[in-house]
Amino acid sequence: QVKLVESGGGLVQAGDSLSLSCVASGRTLSDVTMGWFRQAPGKEREFVASITWRVGITIYADSVKGRATISTENAKNTVLLQMDSLKPEDTGVYFCASSSLTWSRDQNEYHTWGQGTQVTVSS
């Protein structure tokens, strides 16, 4: 079973940039896609972005399109989420997750999750 560990969260000001990392240890053939999700207090978890390890197929939520870039460093088993022009509404706990599917925005199609890293954007 793959183990996922996120890092890079913190407190930033609106308009700043932040880069999140997720290290995926022990990947198997069941780990095709890495996704980023976020959850604000009192709200449902929402999809942010995803990328496939092999080909690099990406998906972005409309809320972050143009401001977020997801990428992989395959040799390091690491997935990155670069976010620019951060807004207070970007605040939340960010989770990375692994899916066996190629194209998915659905959290129910992700089988393994990291512990999350807190991102707080102040105005």
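In this structure, Thr58 contributes its side chain and Ile51 its backbone to no donor-acceptor pair below 3.5 Å. Put simply, the side chain of Gln39 gets close to the backbone of Lys43: a donor and an acceptor are under 3.5 Å apart. No donor-acceptor pair under 3.5 Å is formed between the side chain of His111 and the backbone N or O of Asp31. Counting only distance, with no hydrogens or angles, the side chain of Thr117 and the backbone of Gly9 share a donor-acceptor pair below 3.5 Å. The backbone N or O of Ile70 lies less than 3.5 Å from a partner atom in the side chain of Tyr60, making a donor-acceptor pair.
If you take OG on Ser122 and CG on Leu86, they are separated by 10.5 Å, rounding to the nearest 0.5 Å. Summarising the geometry, atom NZ belonging to Lys3 is positioned 7.0 Å from atom OG belonging to Ser25; distances are rounded to the nearest 0.5 Å. If you take SG on Cys22 and CD on Glu73, they are separated by 12.0 Å, rounding to the nearest 0.5 Å. One finds the OG1 atom of Thr33 at 7.0 Å from the CG atom of Leu101 (value rounded to the nearest 0.5 Å).
Under the 4.5 Å side-chain heavy-atom criterion for grouping Ile, Leu, Val, Met, Phe, Trp and Tyr, Leu81 is connected to Val79 within one hydrophobic cluster. In the hydrophobic clustering of ILVMFWY residues, with side-chain heavy atoms under 4.5 Å counting as a link, Leu80 and Ile59 come out apart. Grouping the Ile, Leu, Val, Met, Phe, Trp and Tyr side chains by contacts below 4.5 angstrom, directly or via other members, places Leu18 apart from Val23. The hydrophobic clustering, which links ILVMFWY residues whose side-chain heavy atoms are closer than 4.5 Å, places Trp103 and Tyr110 together. Residues Val32 and Val2 are members of separate hydrophobic clusters, defined by side-chain heavy-atom contacts under 4.5 angstrom among Ile, Leu, Val, Met, Phe, Trp and Tyr.
Using modelled atom types, one finds a donor on one side chain and an acceptor on the other under 3.5 Å when comparing Glu6 with Gln115. Under 3.5 Å, the side chains of Ser99 and Glu109 contain no donor-acceptor pair of N or O atoms. Between Ser104 and Asp106, the side chains place no donor N or O within less than 3.5 Å of an acceptor N or O (distance only, hydrogens not considered). A donor-acceptor contact under 3.5 angstrom links the side chains of Thr112 and Gln1, judged on distance only.
Residues Tyr94 and Trp36 have side chains in contact (heavy-atom distance under 4.5 Å, counting atoms from C-beta outward). Residues Met34 and Ser50 have side chains not in contact (no heavy-atom distance under 4.5 Å, counting atoms from C-beta outward). Looking at heavy atoms from C-beta onward, Thr72 lies out of side-chain contact with Thr78 at the 4.5 angstrom threshold. A 4.5 Å side-chain heavy-atom check between Gln118 and Thr91 finds at least one atom pair inside the cut-off. Between Ser98 and Leu4 the shortest side-chain heavy-atom distance falls below 4.5 Å.
For the pair Trp113 and Gln107, the tightest heavy-atom approach, listed with the atom from each and the gap, is CZ2-O, 3.6 Å. The shortest non-hydrogen separation linking Ser85 to Arg67 is O-NH1, 3.1 Å. Shown here for Arg105 and Phe37, the closest heavy-atom pair between the two residues is O-CE2, 3.8 Å.
Under the 6.0 Å distance and 45° angle rule, Arg38 does not count as a cation-pi partner of Phe95.
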Would Lys87 and Asp90 count as a salt bridge (Lys or Arg N to Asp or Glu O under 4.0 Å) if you check the C-alpha gap in whole Å, the side-chain angles of each, and the deciding distance to 0.1 Å?
CA-CA 5 Å; Lys87 306 174 181 179; Asp90 293 318; over 6 Å; no
Begin with the C-alpha distance, continue with both residues' side-chain angles, and end with the deciding distance and a verdict on side-chain contact (heavy atoms from CB on, under 4.5 Å) for Thr120 and Val12.
CA-CA 6 Å; Thr120 303; Val12 298; over 6 Å; no
Give the intermediate values and the outcome of side-chain contact (heavy atoms from CB on, under 4.5 Å) for residues Met83 and Ser17.
CA-CA 6 Å; Met83 298 194 66; Ser17 297; over 6 Å; no
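Under the side chain to side chain contact (heavy atoms under 4.5 Å, CB included) criterion, Ala61 pairs with Phe47, Ser63, Val64, not counting sequence neighbours.
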